[in-house]
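Worksheet for the structure shown next.
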There are 2 protein chains.
Amino acid sequence: MINRQTYRDHVIEYVCSLMRNGQLQPGDKVRESGLAADLGVSRAPVREAVRHLVGEGLLDYRPQVGSIVANLSPQQIIDSYVARGLLEGFAIADSGKQFSVAARQELRQLCELMETSAADGDDEALVDVGARFHRLLYGRTANQQLLENIERLSNKLHLLFYRHWANFYSPDQIRDRHHQLLELVFKGDEWAVEQGFRQHYIETGRKVAALYTTE
Amino acid sequence: MINRQTYRDHVIEYVCSLMRNGQLQPGDKVRESGLAADLGVSRAPVREAVRHLVGEGLLDYRPQVGSIVANLSPQQIIDSYVARGLLEGFAIADSGKQFSVAARQELRQLCELMETSAADGDDEALVDVGARFHRLLYGRTANQQLLENIERLSNKLHLLFYRHWANFYSPDQIRDRHHQLLELVFKGDEWAVEQGFRQHYIETGRKVAALYTTE
DNA sequence: TCCCTGGCAAATGTCGACATTCGACACTTG
DNA sequence: CAAGTGTCGAATGTCGACATTTGCCAGGGA
């Protein structure tokens, strides 16, 4: 038994799945009693799970009132993507290590895979490949503290907005944008890498934010 | 009633004060029952406080076993300072706004105040002034998401290591190091600002880490 | 002597219930 | 009719107790 699972973890996963399913949308109230009833557990582990998700930024919390699914303003959306670009760009630039030929090939193949997934309209696969692509890059950093922050932000943006970003670019654009990132990384100019990733994410952030402006 | 205080918040503050007092040191076990008994409350709010502090990175947590005060490895210490330098440097460079004459004067005065505090051996005042100095700089960012991450890291490093950094530099050095940061900021070269703050923090991080290496 | 094993104590995980607070709705009043 | 107010329901905050797991230590065997 490597990792003992506690009820709290089940609740966390359950809430995340509700967010992925769309059954929980930004602004929706999250009632502890409801979750407890759904899963047949008491409110104690539910409260811990909710508090954890609040800490992750996935839920907003008001004392004595309760929690709602985080409802980021357009500016907050952009800000989150900016922060992610900053962290991920640095993590990649700072990792320093060279990419093996095999690793380069794998990353390039992922770009192609993104294009075919996008062309097939398989958004789920596209998002998944995109996540693998980025993780392969920033995951090379030896800085665990940085990694924690990146994954927190990454997970937050993924759960809140993964639905959308597949629709902002044509299959060609998706492939090309990520190919360009790769070339920056392989070239080894750290400053260019950081700027490139910042730009990559701020563009996506602006597009996502645009969807949430005054509807 | 602006901000209703709940027991959980009291517990958080209590644990932080224990860490500041040195009654809780890195590696020490944090028993929920003990805290509950100390404060005369039940374990429920204590658990929430502990979980919050785990999320902040101040405590390490092992399921079914308990929590201990975070005991960062030398590398993790450096990594944390690197991350803070990255975030703070960007926040300052990206805020873009000009500093008023009064603001510049205040910041320069804080540098001098750091020197006098250091010369007087008043570490508490020195650390406090240092915190105000840095907050005045990074607090100008409009990016709330960034700010949250900075303050989380800042608070973590402050609580775990505020004891030490006052002793790494002479009063003159402290003043000069911060004056140099100010000149970078006032000059407005964003890239130089980012690099400067990264360097500032990585140096401190290395010195702190050195204290925790194989004693 | 060392290792394994079994049980004991203590800490965490979970539960159900009660207390407290907030938000909403209907009612009163000017 | 609008504004303020009182009450009620529901959700959160807290509590004490029980269940379960972990780490430790004593005891026995090789």
Side-chain angles (χ1 to χ4, degrees), chain A residues 1-19 21 23-71 73, chain B residues 1-19 21 23-71 73:
Chain A
M1 195 178 312
I2 304 177
N3 213 345
R4 165 143 192 87
Q5 281 281 34
T6 178
Y7 283 167
R8 167 173 158 273
D9 300 319
H10 289 279
V11 179
I12 291 174
E13 187 44 44
Y14 177 64
V15 175
C16 288
S17 75
L18 287 183
M19 292 176 68
N21 288 353
Q23 295 181 46
L24 271 181
Q25 297 205 349
D28 286 356
K29 199 155 186 353
V30 177
R31 279 172 303 119
E32 298 172 359
S33 345
L35 293 175
D38 288 352
L39 295 174
V41 299
S42 82
R43 275 177 49 221
V46 172
R47 282 176 68 80
E48 303 212 1
V50 168
R51 284 306 173 41
H52 175 80
L53 294 170
V54 169
E56 296 288 298
L58 289 166
L59 304 181
D60 283 342
Y61 169 70
R62 283 177 50 197
Q64 313 284 358
V65 177
S67 318
I68 61 174
V69 179
N71 202 355
S73 70
Chain B
M1 193 178 313
I2 303 178
N3 214 344
R4 167 144 192 86
Q5 281 280 37
T6 176
Y7 282 167
R8 167 173 158 275
D9 300 319
H10 290 276
V11 179
I12 291 174
E13 188 44 45
Y14 177 65
V15 175
C16 289
S17 74
L18 287 184
M19 294 176 67
N21 288 354
Q23 295 181 45
L24 271 181
Q25 297 206 349
D28 286 355
K29 199 154 186 357
V30 177
R31 280 174 301 118
E32 298 171 0
S33 344
L35 293 176
D38 288 351
L39 294 174
V41 299
S42 82
R43 276 178 49 223
V46 172
R47 280 176 68 79
E48 305 213 0
V50 168
R51 284 308 175 32
H52 175 80
L53 294 170
V54 169
E56 296 287 299
L58 289 166
L59 304 181
D60 283 342
Y61 168 71
R62 283 177 49 198
Q64 313 284 358
V65 177
S67 320
I68 61 173
V69 179
N71 202 355
S73 70

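Just so you know, these numbers come straight off a predicted model, no measurement behind them. Naming convention: chains lettered A, B, ... in sequence-line order (proteins, then strands); numbering from 1 in each chain.
Considering only side-chain N and O atoms, B:Y7 lies nowhere under 4.0 angstrom from the phosphate OP1 or OP2 of D:dT12. Note on B:Y61: every side-chain N or O is 4.0 Å or more away from OP1 and OP2 of C:dA11. At the phosphate of D:dC15, neither OP1 nor OP2 sits under 4.0 Å from any side-chain N or O atom of B:R43. One finds a side-chain N or O of A:R62 lying less than 4.0 angstrom from the OP1 or OP2 phosphate oxygen of C:dG23.
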For nucleotides 6-9 of chain D, print each protein N/O atom paired with a nucleotide N/O atom at under 3.5 Å, atom names and distance only.
none

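Over its full length, the helix from C:dT1-D:dA30 to C:dG30-D:dC1 turns its helical axis through 10°, comparing axes from the five pairs at each end and rounding to 10°.
Only B:V30, B:R31, B:E32, B:S33, listed by number, bring a heavy atom of residues 23-42 of chain B to less than 4.0 angstrom from any atom of DNA chain C.
Side-chain contact between B:L53 and B:V50: absent, with no pair of heavy atoms (C-beta onward) separated by less than 4.5 Å. Annotation: side chain of A:L59 is not in contact with side chain of A:I68 (no heavy-atom distance under 4.5 Å).
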Which side-chain N or O atoms in residues 26-35 of chain B pair as donor and acceptor under 3.5 Å with protein atoms at least two apart or in another chain?
unit_1, atom_1, unit_2, atom_2, d
B:D28, OD2, B:Q25, N, 2.8
B:K29, NZ, B:V65, O, 3.2
B:E32, OE1, B:R43, NE, 3.2
B:E32, OE1, B:R43, NH2, 3.1
B:E32, OE1, B:R47, NH1, 3.2
B:E32, OE2, B:R47, NH1, 3.1

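Comparing B:V65 and A:P45 by the nucleotide of DNA chain C that holds the closest heavy atom to each, the one mapping nearer the 5' end is B:V65.
The nearest pair of heavy atoms linking B:P63 to B:Y61 is CA-OH, 3.6 Å. Between A:V46 and A:S42, the closest heavy-atom pair is CG2-O, 3.5 Å.
Between the CZ atom of A:R47 and the P atom of C:dG16 there is a distance of 16 Å, given to the nearest Å. Counting to the nearest Å, the C1' atom of D:dG13 and the CZ atom of B:R8 are 11 Å from each other. One interatomic measurement links the two molecules: CD1 of A:I68 to P of D:dT12, which rounds to 12 Å at whole-angstrom precision. A straight line from NE2 of B:H10 to C1' of D:dG13 spans 13 Å, rounded to a whole angstrom.
Taking NE2 of A:H10 as the start and CG of A:L39 as the end, the distance is 9.5 Å to the nearest 0.5 Å.
Checked against side-chain hydrogen bond (donor to acceptor under 3.5 Å, both in side chains), B:N71 has no partners two or more places apart in sequence or in another chain. Take A:A70 and apply the side-chain contact (heavy atoms from CB on, under 4.5 Å) test, not counting sequence neighbours, and it matches A:D60, A:L72, A:L160.
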